[in-house]
Amino acid sequence: MPFKKDLRLVLKPYYLINILLSVSYIVSKRVPLVCHYIFAQTDCELDGRETEILFFLIIVIMIRSRKTGSVTMINYLSSSFVYTKVANLILWFYADIRMGILFAVIFILCGLIFPEPTYQGPENVIYLRGANGLQEELQRDGRVVWLVAFYTAWNPACVNFAPIFSELSAEYALENFKFGKVDIGRYPDAGAKYHISDASTSKQLPSLILFKEGKEVERRPHADHKGKLVKFLFSLDNIKAAFDLNNIYKDCKKSLLKKKERKTVKAD
């Protein structure tokens with residue numbers, strides 16, 4: 001199902017155009033008819049410098065994809081588009097400065113006209129205003145379980161994680177099991193209080209913390225007994241397993257049913 005969903009997303013203009021831009025130079029250089037017309041060459045082969053740039057591009061994409069925790073085809077594409085388009089820009093300028101300028105104009109126009117699609121599905125997320133806003137909610141009712149995501153708007157891993165968290169909230173949220181988000185880029189006090197770094201090199205973005213009775217009981221990524229951060233891939237299945245969401249949901253559902261039964265008895 002996730003693969004079929006990704007295939008449907010790839011058919012959207014943003015992904016199709018960016019894929020074309022990402023392979024534009026290789027296709028132009030390797031397809032004889034196009035190569036003869038654009039480059040006026042009989043030998044349509046990549047030279048040593050072009051090959052070096054492409055190999056460097058592959059290495060960068062692999063490293064950045066691992067750091068962003070990409071786990072689906074769409075995540076990999078989204079995290080690699082910037083690097084592939086920059087590499088193509090360099091290659092076009094290397095081949096012909098006029099073609100480089102033309103590619104740069106197309107690059108910018110496509111970014112303005114076709115922004116990356118955002119998650120449009122249901123969600124049940126409460127956006128909290130910093131450490132104080134979170135603390136107020138935790139103290140309002142200690143019986144409410146909270147799963148809170150700490151993120152920044154500019155971090156690629158957080159962008160990839162956003163639709164996953166929204167899907168989880170739509171599936172599990174109850175009156176006594178709530179999902180919250182705190183932007184620590186906007187509210188650095190929350191990052192400081194819960195020891196989450198918002199630096200560009202931070203490996204703690206995003207961070208998920210589970211609160212019960214107003215206290216932290218679990219978080220991902222977490223530190224081991226030596227204080228070293230343990231890497232965590234934020235997939236739906238991994239989050240459900242790490243935080244035992246199914247059992248939390250069942251317990252919270254039972255509590256709500258008991259509460260309703262008590263109210264019914266009192267009314268009678």
Side-chain angles (χ1 to χ4, degrees), residues 2-3 5-41 44-120 151-164 185 199-203 205-206 233-234:
F3 182 70
K5 184 179 178 181
D6 283 352
L7 283 178
R8 287 196 295 269
L9 284 173
V10 168
L11 296 177
K12 291 189 175 183
Y14 169 82
Y15 293 103
L16 289 175
I17 290 170
N18 277 281
I19 289 171
L20 289 174
L21 290 175
S22 299
V23 299
S24 62
Y25 190 83
I26 295 177
V27 171
S28 299
K29 198 69 185 283
R30 296 293 295 162
V31 177
L33 286 175
V34 181
C35 176
H36 297 330
Y37 179 76
I38 294 178
F39 300 102
Q41 294 178 352
C44 296
E45 298 287 341
L46 297 170
D47 63 25
R49 178 61 60 83
E50 291 167 337
T51 304
E52 287 176 4
I53 292 172
L54 290 173
F55 269 115
F56 181 72
L57 169 65
I58 292 170
I59 293 169
V60 170
I61 291 173
M62 290 175 64
I63 293 172
R64 294 303 302 174
S65 295
R66 287 189 63 186
K67 285 186 176 181
T68 58
S70 301
V71 292
T72 67
M73 178 175 66
I74 290 296
N75 292 156
Y76 276 114
L77 287 174
S78 297
S79 62
S80 65
F81 279 150
V82 172
Y83 307 106
T84 55
K85 289 187 292 185
V86 169
N88 274 269
L89 182 62
I90 295 170
L91 288 167
W92 281 115
F93 268 110
Y94 174 71
D96 187 331
I97 190 170
R98 293 170 299 177
M99 296 302 296
I101 293 171
L102 177 62
F103 184 86
V105 171
I106 295 172
F107 183 164
I108 294 168
L109 286 176
C110 288
L112 294 172
I113 299 172
F114 301 103
E116 184 173 1
T118 56
Y119 177 74
Q120 299 296 326
Y151 73 103
T152 61
W154 51 263
N155 185 277
C158 295
V159 173
N160 291 336
F161 172 64
I164 294 173
S200 58
T201 56
S202 174
K203 296 181 180 179
L205 294 173
L233 289 177
F234 287 92

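All heavy atoms count here, side chains included; hydrogens, waters and symmetry mates do not.
For the pair T152 and C158, the tightest heavy-atom approach, listed with the atom from each and the gap, is O-CB, 3.4 Å. Between S22 and T84, the shortest heavy-atom contact is OG-OG1, 2.7 Å. Residue P206 comes nearest to F234 through the heavy atom pair O-CZ, 3.3 Å, listed as atom of the first residue, atom of the second, then distance. Nearest approach of S24 to N88, heavy atoms of both residues: OG-OD1, 3.2 Å. What you find for K85 and F103 is that their closest heavy atoms are O-CE2, 3.5 Å.
Counting non-hydrogen atoms of neighbouring residues, nucleotides and ligands closer than 6.0 angstrom, the CD1 atom of I113 exceeds 12 such neighbours. Crowding of I97 atom CD1: a count of heavy atoms from other residues, nucleotides or ligands under 6.0 Å not exceeding 12.
Aromatic pair Y14/F114: centroids not less than 6.0 angstrom apart. Ring centroids of Y25 and F93 are separated by 6.0 Å or more, keeping the two rings apart.
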- Message: Between E45 and R30, is the salt bridge (Lys or Arg N to Asp or Glu O under 4.0 Å) condition met? List the steps.
- Response: CA-CA 6 Å; E45 298 287 341; R30 296 293 295 162; 2.7 Å; yes
- Check step by step if side chain to side chain donor-acceptor pair (under 3.5 Å) holds for Y94 and D47. CA-CA 11 Å; Y94 174 71; D47 63 25; 3.1 Å; yes
- Query: side-chain contact (heavy atoms from CB on, under 4.5 Å) between I90 and I53: does it pass, once the steps are laid out?
  - Reply: CA-CA 9 Å; I90 295 170; I53 292 172; 4.0 Å; yes
- Using the side chain to side chain donor-acceptor pair (under 3.5 Å) rule, take S28 and W92 through it: C-alpha gap first, then chi angles, then the decisive distance, then the call. CA-CA 10 Å; S28 299; W92 281 115; 5.8 Å; no
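In this structure, CG on L16 lies 11.0 Å from CG on L21, to the nearest 0.5 angstrom. Here the CG atom belonging to L54 is positioned 10.5 Å from the CD atom belonging to E52, to the nearest 0.5 angstrom. A distance of 7.5 Å separates OG in S202 from CG in N155, rounded to the nearest 0.5 Å.
Looking at H36 and C44, their side chains come closer than 4.5 Å, going by heavy atoms from C-beta outward. Contact check for L205 versus W154: side-chain heavy atoms found under the 4.5 Å cut-off. The shortest side-chain heavy-atom distance between Y15 and L11 does not fall under the 4.5 Å cut-off.
Side-chain N or O atoms of N18 include none that pairs as donor or acceptor with a backbone N or O of F81 at under 3.5 Å.
Between R98 and D96 there is a salt bridge, with a side-chain nitrogen of the basic residue lying less than 4.0 Å from a carboxylate oxygen of the acidic one.
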